[in-house]
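Remember, predicted model here, so these are calculated numbers, not experimental data. Along the sequence shown, residues carry numbers from 1.
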Amino acid sequence: MDPIKYFTFSMIISISGIRGILLNRRNIPIMSMPIESMLLAVNSNFLVFSVSSDDMMGQSFASLVPTVAAAESAIGLAIFIITFQVRGTIAVESINSIQG
């Protein structure tokens, strides 16, 4: 197995996720999709490292990544719903005025 191909694929997904966050600052749901693609890249890196080193730790970490992604999505959706109820819009420009 040649892990370089898989690492290159993972790097391309990760870079496109970073690019997606930097370029799509319109609303919250569109900003959360590139984060999920970066988690996919991390997950594939865990699996490739696990297979190439004959170790099960990478596969166990790869099973935890979807759990973290689900928790992140649930928290993001809750923030999105509360922001929409309070502000009436999902535009990121209006969120800059939130003070805590």
Step by step, would you call I13 with M38 a side-chain contact (heavy atoms from CB on, under 4.5 Å)?
-> CA-CA 7 Å; I13 292 175; M38 287 191 293; over 6 Å; no

Listed once per pair and sorted, the ring pair (Phe, Tyr, Trp, His ring centres under 6.0 Å) pairs that draw on residues 2-45, sequence neighbours left out | F7-F49

Mind checking side chain to side chain contact (heavy atoms under 4.5 Å, CB included) for D54 and listing every partner two or more places apart, or none if nothing turns up?
-> none

Would you name the heavy atoms of V65 and L39 that are closest together and state the gap between them?
-> CG1-O, 3.8 Å

Do the side chains of L22 and I35 join up, straight or via other hydrophobic residues, at under 4.5 Å, putting them in one cluster?
-> yes

Donor-acceptor under 3.5 Å (T83 side chain, I79 main chain) = yes

Pairing residues for M57 by the side chain to side chain contact (heavy atoms under 4.5 Å, CB included) criterion, not counting sequence neighbours | D55, S60, F61

Report all side-chain donor-acceptor pairs from residues 66-76 shorter than 3.5 Å, counting only partners two or more places apart or in another chain.
from	atom 1	to	atom 2	distance (Å)
S73	OG	E36	OE2	3.0
S73	OG	A69	O	3.0

Rounded distance (nearest 0.5 Å) linking atom CG of L40 with atom OG of S10 = 8.0 Å

Go through the structure and list residues passing side-chain hydrogen bond (donor to acceptor under 3.5 Å, both in side chains) with N43, not counting sequence neighbours.
-> none

The reported gap from CD1 in I21 to OG in S37 (rounded to nearest 0.5 angstrom) is 7.5 Å

Min side-chain heavy-atom separation V51-Q59 under 4.5 Å = yes

Can you sort out the partners of I15 under side chain to side chain contact (heavy atoms under 4.5 Å, CB included), two or more places apart, ordered by chain and number?
-> M11

